[in-house]
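Working notes for the structure below.
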Amino acid sequence: MVQAKKIMIYVVAVFALYTIITSPARAADLVQIGFEGISSAAQGVGNFMTEVVR
């Protein structure tokens, strides 16, 4: 099981490097989309907690 986890980490790392090298603009777009998703999720949690406190 540990061996499979290590292999998957290497595969994901190689894929990420390949994507960045072959298409840096697309990789930047994907990172931006990811951060926007995290930001909106955090904002939603903040809004929820604000309403709970009220």
Side-chain angles (χ1 to χ4, degrees):
M1 189 65 163
V2 175
Q3 207 59 358
K5 185 177 179 180
K6 285 182 182 179
I7 292 171
M8 287 306 297
I9 290 172
Y10 289 131
V11 168
V12 169
V14 168
F15 177 73
L17 288 173
Y18 173 77
T19 302
I20 291 169
I21 292 169
T22 59
S23 180
R26 178 72 176 140
D29 289 341
L30 292 174
V31 170
Q32 181 179 7
I33 290 168
F35 280 123
E36 287 175 0
I38 292 169
S39 174
S40 66
Q43 185 177 14
V45 170
N47 290 340
F48 173 75
M49 295 306 277
T50 300
E51 292 300 320
V52 168
V53 170
R54 290 184 186 181

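Throughout, numbering of the chain's residues begins at 1 and tracks the sequence.
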The salt bridge (Lys or Arg N to Asp or Glu O under 4.0 Å) partners of E51 (sequence neighbours excluded) come to R54
Report the residues that fulfil side-chain hydrogen bond (donor to acceptor under 3.5 Å, both in side chains) with Q3, sequence neighbours left out, ordered by chain and then residue number. none
Expected output: side-chain S23 to main-chain T19 donor-acceptor under 3.5 Å: no
Roughly how far apart are K5 NZ and I7 CD1, rounded to 0.5 Å? 13.5 Å
Could you check whether atom CD of E36 has more than 12 heavy atoms from other residues, nucleotides or ligands sitting under 6.0 Å from it? yes
As an exercise, state the distance from CD1 of I20 to CG of L30, rounded to the nearest 0.5 Å. 10.0 Å
Other than V14, which residues form its hydrophobic cluster under the rule that side-chain heavy atoms must be closer than 4.5 Å? none
In the single-linkage hydrophobic clustering (I, L, V, M, F, W, Y; side-chain heavy atoms under 4.5 Å), do F48 and V45 co-cluster? yes
Would you find a donor on one side and an acceptor on the other, under 3.5 Å apart, between the side chain of T22 and the backbone of Y18? yes
